[in-house]
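Right, one structure below, let's go through it.
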Amino acid sequence: MVRYNPKETEPKWRKAWADAEAFKASIDKSKPKYYVLEMFPYPSGRLHMGHVRNYALGDVIARFKRARGFSVLHPMGWDAFGLPAENAAMERGVDPRGWTYDNIARMRDELKQLGLSIDWTREFATCDLAYYGQQQALFLELYERGLVYRREATVNWDPVDQTVLANEQVVDGRGWRSGAVVEKRKLNQWFFRITDYADQLVDDLATLDRWPEKVRVMQENWIGRSKGLKMVFRFAGEPPSGAADGVEVYTTRPDTLYGASFVAVAADHPLAQLAAARDPKAAAFVERCRKGAVSEAEIETQEKEGYDTGLKVKHPFDAHWELPVWIANFILMDYGTGAIFGCPAHDQRDLDFARKYDLPVRAVVLPPGADPATFDVGDEAYVGPGAIFHSQFLDGLDIETAKAKAIERVEAQGDGEGATVFRLRDWGVARQRGWGCPIPVVHCPRDGMVPLPKSALPVALPDDLEFGKPGNALARHPRWKHTSCPKCGGPAERETDTLDTFVDSSWYFARFTDPMAGEPIDRAAADYWMPVDQYIGGIEHAVLHLLYARFMTKALADEGRLSVREPFAGLFTQGMVTHETYRRQSGEWLEPAEVEIIHEGKTRRAILGGVGEPVVIGDVEKMSKSKKNTVAPEEIFDVYGVDAARLFVLSDSPPERDVQWTTGGVQGAWRFVNRVWEEFDSQPAEVRSAGADDEAALAIRRMTHRTVKAVTEAIESFRFNSGIARLYEFLNLLKGNPAKDASPAVLAARAEALSAFARLVAPFTPHLAEECWARIGGKGMVVEAAWPAYDPAFTEDAQKVLPVQVNGKRRGEITAPAGAEPAEVEKIVLDDPEIARRLEGLTIRKVIVVKDRIVNIVAA
RNA sequence: GCCGCCGUAGCUCAGUGGUAGAGCGCAUCCUUGGUAAGGCUGAGGUCGGCAGUUCAAUCCUGCCCGGCGGCACCA
């Protein structure tokens, strides 16, 4: 008996795979293709358990599909630009480029240790000149097609990272990375015209049937398409000088126009500016709105306030009806038209405002069953369904019909038209940082902004950036930005903003199809491999990265660079790796390794190892350095081997749920690895062909074929944990029928079982599978072997045991042929003496036969 | 407030319209030349609550309670 030693077997098999180039992807039109991709990592330098889980999940799919006869592409690269490198540079005085590439080298080694079936020949980093140079070419193409523009805009400014953030990157008013409260600033900014694709980005979500519903909903909410009416409220009397002849508002509730009681505009609205110029009090109010609204977080919590400009507008359906125009702090200038009409009775926000300033509240939607004579809203707006009333030509209509009719009337009057409005804003892509992809544009005193010709690409970052202080290292570099204008040849300055790193990750999946191509994307390679069949990553990118990648794919398709309009046919969002937290009484966090857990009957407590000081066991939370509840993958690999670590993160929870890391759990996985090996090791090398199956052999064969079926289905439906559970049961059965003293038939059945077992376990524990495969004399390596097939004759019983219930209580069981018809089963049941005894003195009312499942007799 | 997910053994989680499962933990015993190890056996569950559908509900439906996540002055 030789104990299983992962320290020897694991490196041995990784070398064998590499020598055989087992995972090299190639275009093979004789096979179906399958592209598996996990979101590529930021090269922090350290592999964490989240990576282990993410890449192990993808590896299961990749290995499974390869065994199933697919031509598989499973690449790996690095999302390598970004702020951590600059911060490290600032803190430690190192060079970001060297720091990044050193980290990549370290993480590559760790990832390779995981035994992933990756084609490493395709590896690249986004900070490779060969990659970002091609990205600059794409930028220029987008520019030519009018999808890139530059304008002065109010932007989200992160005061800690000292850069602009896109709307998607501001979470609860704070920077997604730094956590700093975001400020509003006016800056010249570069934008991608993602709003041009807003309709498609919503509509095409419906085609993504292998995406989680949750992510589709989040994207739909983010894009926020709403259909309504843009219309003008004209001024009563002379318009103020400098103003148009009315105020244009946007509404989704034109059915409530007869409930209007005021018009309100944003503080940044031109009309508010105009009012401020004439009226010092208005100016003061506008100023106050501006000041109060420094951060997103504050805007969302501040109380509703307004100022009456004294201006009046006419109601569109009644020229004698005048409405006041207010400036209000809750109107957003960059949504709709920056102006609304207020209908307090049917909008809570308008109602709060109206109650505060004592404006009229007119109900125009009557809830079902309410009395039109007495119905009124109190302090709660009515937003439910109902019939329109107090509304002239709209009276009696339901809400949807009334909307259509109101729009029709407004359009006929020439006062506006039906319109679709989005919450989505254009994507601000410029970052004032040095460690990123330079924007390939120069500023010329004579010709203004001039995009570089493609012949001038790539624009490389200088080697000697100075990162010692905050701000943009590229902008303060002494020489880099000085160049000549491609148009006039005179002196000009390069753009010193770089691209958001989300641009880098918005097309890398297409580059993987041919990472050496001399142009951004090799069309033939992309046509073969795209779309990504299965994309795997964290839910935190539900909006950000996944929205940008979808936009870029559509833009590239319109440019003729891609044939697909969606990048990811299947998306899977995996859960996090969590761990218990521990703290001293003083509140100081403790690492799991410092803590000793003591079991006392059913309860458990913790003490500080070696000292005995009691430790508070806290919540189970995502592994994070700040709470010290991390477990280093390399230490686990060292003690238990890579396969046990992979097996544990795959087996303990369904992949979409969080998995809680526990020492006991990984030990259980490690024991499983050892028990599997023992089972293979105890099997004699030579098994003579046996005669007929005996009872035990038949049971093994049935289990073998059933397990093949179950594991296959489990992998296909992302239930890896239940697939592994079936392998546990399979192993338990084999242990119950050991090779020692077994009949020839059982030995033969075991041989068949073990051959299937090695291949079934291979996606989860690939090294162990190879060692086991070799032990039983398998041909070649498991990575070259076909996935086992099952014979339905073994997965279904010829005879079924059916429980028999009388009035819902179990009273016996009978045996019937599989698939027997109800009449046949009923006869067997009624012939059964035990059942007959139970039915003595009762009248049978009804016999229910569920084919192959159960029989129930209703009797009285 | 709206949307989604979750609630099954002490813990972490499977599962099914028809007798409730795994790993860990716990208890008993065995092994003590696999030994900072291995094995046998066992205890432990009104499947969050209430109601409905059904011959039969842990599973389907509705309501409620609890936990988690996302969205939210978007006109």
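Protein chains get the first letters and strands the later ones, always in sequence-line order, with residue 1 at the start of each.
- Between C29(B) and A51(B), the distance separating the two P atoms is 46 Å to the nearest Å.
- When all heavy atoms are compared, the tightest approach of Lys735(A) to Pro738(A) is O-CD, 3.5 Å.
- Note: CD1 (Ile724(A)) to C1' (G21(B)) measures 17 Å, nearest angstrom.
- Nearest-nucleotide assignment on RNA chain B puts the 5′-proximal partner with Ala669(A), out of Ala669(A) and Tyr335(A).
- For the pair Asp415(A) (side chain) and Met231(A) (backbone), a donor-acceptor distance under 3.5 Å is absent.
- Ion pairing of Glu771(A) with Arg775(A) is absent here, as no side-chain N (NZ or NE/NH1/NH2) approaches a carboxylate O to less than 4.0 Å.
- Each of G15(B), C24(B), G34(B) was ranked by its minimum atom distance to the side chain of Arg671(A); first place goes to C24(B).
- Rounded to the nearest Å, the gap between the C1' atom of U58(B) and that of C13(B) is 16 Å.
- Using atom C1' as the reference point in both U8(B) and U41(B), the two lie 25 Å apart (nearest Å).
- Summarising the base pairing, C74(B) is matched to no nucleotide, lacking a Watson-Crick or G-U wobble pair whose two defining distances lie under 3.5 Å.
- Atom pair Glu678(A):CD and G34(B):C1' shows a separation of 8 Å (rounding to whole Å applied).
- Phe757(A) and Phe672(A) have tilted rings, their planes meeting at an angle from 30° to 60° on a 0 to 90° scale.
- When each of C73(B), A14(B), G38(B) is scored by its nearest atom to the side-chain atoms of Asn721(A), the top-ranked nucleotide is A14(B).
- The separation of C26(B) from U53(B), taken at their C1' atoms, amounts to 41 Å, rounded to a whole angstrom.
- In Glu417(A), the CD atom is not crowded: 12 or fewer heavy atoms of neighbouring residues, nucleotides or ligands sit closer than 6.0 Å.
- When rounded to the nearest whole Å, the span between CZ of Phe262(A) and C1' of A75(B) equals 10 Å.
- Put simply, CE on Met49(A) is 19 Å from P on U12(B), counting in whole angstrom units.
- To the nearest angstrom, C1' of G38(B) lies 11 Å from CH2 of Trp670(A).
- Pair check for G21(B) finds C13(B); Watson-Crick or G-U wobble, both atom distances under 3.5 Å.
- Rounded to a whole angstrom, the distance from the C1' atom of C30(B) to that of G49(B) is 46 Å.
- With a cut-off of 3.5 Å on both Watson-Crick or G-U wobble distances, the partner of G4(B) is given as C68(B).
- In terms of polar N and O atoms assigned as donor or acceptor, the side chain of Arg253(A) never comes within less than 3.5 Å of the base of A75(B) in a complementary pairing.
- Annotation: C59(B) and U16(B) have their P atoms spaced 13 Å apart (nearest Å).
- Across all strands shown, the partner of G62(B) is C50(B), judged by Watson-Crick or G-U wobble contacts whose two distances both fall under 3.5 Å.
- Contact of Gln219(A) with G70(B) (side chain to base): no donor-acceptor pair of N or O atoms is detected under 3.5 Å.
- In this structure, the nucleotide among A75(B), C71(B), G39(B) sitting nearest to the side chain of Arg423(A) is C71(B).
- At G38(B), none of the side-chain N or O atoms of Arg675(A) fall inside 4.0 Å of OP1 or OP2 (strictly under the cut-off).
- Using N1 to N3 plus N6-O4 or O6-N4 for Watson-Crick, or N1-O2 and O6-N3 for G-U wobble, each under 3.5 Å, A27(B) pairs with U41(B).
- Ion pairing of Arg675(A) with Glu678(A) is absent here, as no side-chain N (NZ or NE/NH1/NH2) approaches a carboxylate O to less than 4.0 Å.
- Within a 6.0 Å sphere centred on NZ of Lys227(A), heavy atoms belonging to other residues, nucleotides or ligands number 12 at most.
- The distance between atom CZ of Phe648(A) and atom P of A14(B), rounded to the nearest whole Å, is 13 Å.
- Where Tyr728(A) and Ile331(A) each meet RNA chain B at their nearest nucleotide, the meeting point lying more 5' is that of Tyr728(A).
- If you take CD of Glu220(A) and P of C2(B), they are 19 Å apart, rounded to a whole angstrom.
- Between the P atom of C3(B) and the CG atom of Asn221(A) lies a distance of 11 Å, rounded to the nearest Å.
- Residue Arg726(A) is classed as having no contact, given no heavy-atom separation below 4.0 Å to the nucleic acid.
- Within the 4.0 angstrom heavy-atom criterion, no nucleotide atom of any strand lies near Thr662(A).
- Comparing the C1' positions of C11(B) and G25(B) gives an interatomic distance of 7 Å, to the nearest angstrom.
- Rounded to a whole angstrom, the distance from the C1' atom of U28(B) to that of A14(B) is 28 Å.
- Nucleotide A56(B) has no partner under the Watson-Crick or G-U criteria, as no pair reaches both atom distances under 3.5 Å.
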